[in-house]
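Beneath this line is the structure, given in C-alpha cells, with notes to follow.
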Amino acid sequence: MSEEILVEIRDFLSPRGFECAPFKVQWYNEVVQSAFRLRYPPDTLAVSIISTPSMFEKTFKPFVASTDWTNRSESPSDPLDRCIHEQLEEASRRLADRGFNVDIIHDYDLDFTRKPRILVQTAGHVSGQAYYYQRSHVTASAPWPTNKPIYGVSIHPKYGGWFAFRGVLIFRDVAVELKRREPEDVVSTNEKRIELLEKFNSSWEDFQYRDVVPVEERYSDEQKAYFAATPGAARRKLLGLPSLNDVN
Ligand code: B12
C-alpha cells in the first residue's frame, strides 16, 4: 500500500521539482524530545518533502503568473508559502480520492505553544533524504564557546544546501513495514563539518554553506535574488506583484 501512495505522490510532485522520502513516525519519535513527538502510532507512514532548485522555475514562476494576486484574503499571504501550500494540498487531494486520509504539516506550522509542529531536518535525516549535521557531530576542537548556540544544517547528496524542506505528509491510517535507508554522510571529516556549521551560523546570507560539497544543481541567479530579498514587500516587488497595501 505504501508503494501505491509513493508512486502517486511522486507522480504529481517530482515533475514539479519536489523530492519525497518515506519514513515511519517511530523513527522520528525515537530521537526527538517528548514535546516534539508526533501523536500517531509508531508504524504510521510519513513522507518528508523537499523543494529542489528547479521547483522555482517549474512550479513557482508559473504559479505566480497564473494567480490572481489582487485577492488579499487568500492564506498564506506569502507567495512562495501559498504556492507550496497549494501543491501539497493538491497532492493530498489526489490521495484522498483514493481513500487515504492525509495530514499535512508545513515547515512553518507552529503548535499552540509556538513550537514547530515538525522538525523537518530530523524528519529528513530519518527518512534518509539528507544528513542532518549538528554540533554533536563535531568530535574534537570545536571552535565555539560552550554557551554559543550552534544551529544544525542538513546537506543533501545531490543538492548540497541548495534545497528547502517544505513539510511532512502523514497517512493517519496507513501502518507500514519500511526498510530504513541511512542518509549519505557527505560531509564526513571533522574539519569540513566545522566549516559547514560555521558558515551556516555566521554567514548564511552569502549562500556559501550550500556549496560545502560539489552539487548537481543550484539556485538560479533569479532565485538567489528572490531568497536574498526580505520576505514581504521586497519579494513581491521582485515578482512584479502589487504590494499588500496597494491592492483592495
Ligand atoms: C526556528 C528556526 C530558525 C531560528 C532558530 C534556529 C534553530 N535551528 O533553532 C532562526 C530564526 C535563528 C533560524 C535561522 C535560519 N534558518 Co531556520 N528554521 C527554524 C525552524 C522553523 C525550526 C527550528 C527549531 O526550532 N528547531 C528546534 C530545535 C530544538 O531542534 P534541533 O536543534 O534540531 O533539536 C532536535 C534534534 O537534535 C533531534 N535529535 C536529537 N537527537 C538526534 C539524533 C539524530 C540522529 C537526529 C537526526 C535528530 C536528533 O531532537 C531535538 C529536539 O528534541 C526550521 C524549520 C522546521 N520546522 O524545522 C527552520 C530551518 C532549520 N531554518 C533553515 C534556514 C535555511 C535558516 C536560515 C539560513 C535562514 C533562511 N531561512 O534562509 C537561518 C540560518 C541560521 C542562522 N545563522 O541564523 C532551514 C535549514 C535547511 C537545512 N538545509 O538544514 C530550515 C530547516 C527551514 C526549511 N524549511 O528548510 N531558523
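These numbers come from the heavy atoms of this one structure, side chains and all, not from hydrogens, waters or symmetry mates. Quick caveat, the model's predicted, so the values are computed rather than measured. Atoms within each ligand, like the ligands themselves, are counted from 1 in listed order.
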Could you work out, for atom 66 (C) of ligand 1, the closest of Phe200, Trp162, Phe207 by heavy-atom distance? Phe200

For atom 90 (O) of ligand 1, what is the closest protein heavy atom, and at what distance to 0.1 Å? Phe165 N, 3.1 Å

If we count only non-hydrogen protein atoms and require a distance under 4.0 Å, does atom 10 (C) of ligand 1 qualify as touching the protein? no

Compare Trp27, Tyr151, Tyr132 and give the one whose heavy atom is closest to atom 32 (O) of ligand 1. Tyr132

Are Trp204 and Leu196 connected in a single hydrophobic cluster, I mean Ile/Leu/Val/Met/Phe/Trp/Tyr linked by side-chain heavy atoms less than 4.5 Å apart? yes

Using a 3.5 Å cut-off on N or O atoms only, is Val120 in polar contact with ligand 1? yes

Taking distance alone, with N or O pairs closer than 3.5 Å, would you say Ser202 contacts ligand 1? no

Ion pair Glu19/Arg10, N-O distance below 4.0 Å: no

Which residue supplies the protein heavy atom nearest to atom 22 (C) of ligand 1, what is that atom called, and how far is it? Pro116 CG, 3.7 Å

for atom 35 (C) of ligand 1, nearest protein heavy atom and its distance come out as Leu119 CD1, 4.0 Å

Can you tell which part of Ile118 has a heavy atom less than 4.0 Å from ligand 1: side chain, backbone, both or neither? backbone

Would Tyr209 count as a contact residue for ligand 1, given that I'm defining contact as a non-hydrogen atom of the residue lying under 4.0 Å from a ligand atom? yes

Answer yes or no: is there a side-chain heavy-atom contact under 4.5 Å between Phe12 and Gln87? yes

Is the closest basic N to carboxylate O distance between Asp43 and Lys24 below 4.0 Å? yes

Please state which part of Trp204 comes within less than 4.0 Å of ligand 1, counting heavy atoms only: side chain, backbone, both or neither. side chain

If you take the centroid of each ring, where Trp contributes its six-membered ring, are Phe56 and Tyr219 closer together than 6.0 Å? no

Quick one: does atom 1 (C) of ligand 1 have a protein heavy atom under 4.0 Å from it? no

Under a heavy-atom criterion of less than 4.0 Å, does Val32 contact ligand 1? yes

Would a search of protein heavy atoms around atom 25 (O) of ligand 1 find one under 4.0 Å away? yes

Non-hydrogen side-chain atoms of Ser154 and Phe165 separated by less than 4.5 Å: yes

So, do His106 and His85 sit near enough that their side-chain heavy atoms are less than 4.5 Å apart? yes

Quick one: does NZ or CZ of Arg235 land under 6.0 Å from the six-membered ring centre of Tyr226, within 45 degrees of the ring axis? yes

Are Leu6 and Pro22 packed together at the side-chain level, in the sense that at least one heavy-atom pair is separated by less than 4.5 angstrom? yes

Would you name the heavy atoms of Leu238 and Ala225 that are closest together and state the gap between them? CD1-O, 3.5 Å

Can a salt bridge be assigned to the pair Asp103 and Arg117 using a cut-off of 4.0 Å between side-chain N and carboxylate O? no

Is atom 85 (C) of ligand 1 close to the protein, meaning a heavy atom under 4.0 Å from it? no

Report yes if the side chains of Phe18 and Ile50 come closer than 4.5 Å at any heavy-atom pair, otherwise no. no

Between Trp162 and Glu217, the two heavy atoms sitting closest are CB-O, 4.0 Å

Is the shortest heavy-atom distance from the side chain of Glu57 to the side chain of Gln223 under 4.5 Å? yes

Under-4.0 Å protein heavy-atom contact, atom 19 (C) of ligand 1: no

With heavy-atom distances below 4.0 Å as the criterion, list the atoms of ligand 1 near Phe36. 52 (C), 53 (O)

Check for me whether the distance between the ring centres of His137 and Tyr131 falls short of 6.0 Å. yes

Considering all protein heavy atoms, does one lie under 4.0 Å from atom 48 (C) of ligand 1? yes

Would you mind listing which atoms of ligand 1 come within a distance below 4.0 Å of any non-hydrogen atom of Thr122? 36 (C), 38 (C), 48 (C)

Look only at interatomic distance and state if Phe163 has a nitrogen or oxygen under 3.5 Å from any nitrogen or oxygen of ligand 1. no

Pick out which of Ile118, Asp81, Ile84 makes a side chain to side chain contact (heavy atoms under 4.5 Å, CB included) with Tyr108. Asp81

Residue part near ligand 1, for Ser154, under 4.0 Å between non-hydrogen atoms: both

If we number the atoms of ligand 1 from 1 as shown, the ones under 4.0 Å from a heavy atom of Val153 are 82 (C), 83 (N), 84 (O)

Between Asp107 and ligand 1, does any nitrogen or oxygen pair lie at a separation below 3.5 Å? yes

Closest to atom 40 (C) of ligand 1 among protein heavy atoms sits Val31 O, 3.2 Å

Any idea which atoms of ligand 1 are less than 4.0 Å away from a heavy-atom of Asn201? 77 (N)

Option with minimal heavy-atom separation from atom 53 (O) of ligand 1, where the choices are Arg117, Gln33, Arg166: Gln33

Would you verify that at least one protein heavy atom lies under 4.0 Å from atom 42 (C) of ligand 1, or report that none does? yes

Which label fits Phe60 and Phe63: parallel for a plane angle under 30°, tilted from 30 to 60°, or perpendicular past 60°? parallel

Checking contacts here: is it the side chain or the backbone of His125 that comes within 4.0 Å of ligand 1, counting heavy atoms only? Could be both or neither. side chain

If you compare Arg37, His106, Gln134, Gln121 by their heavy atoms, the one closest to atom 44 (C) of ligand 1 turns out to be Gln134

Are there protein heavy-atom neighbours of atom 62 (N) of ligand 1 below 4.0 Å? no

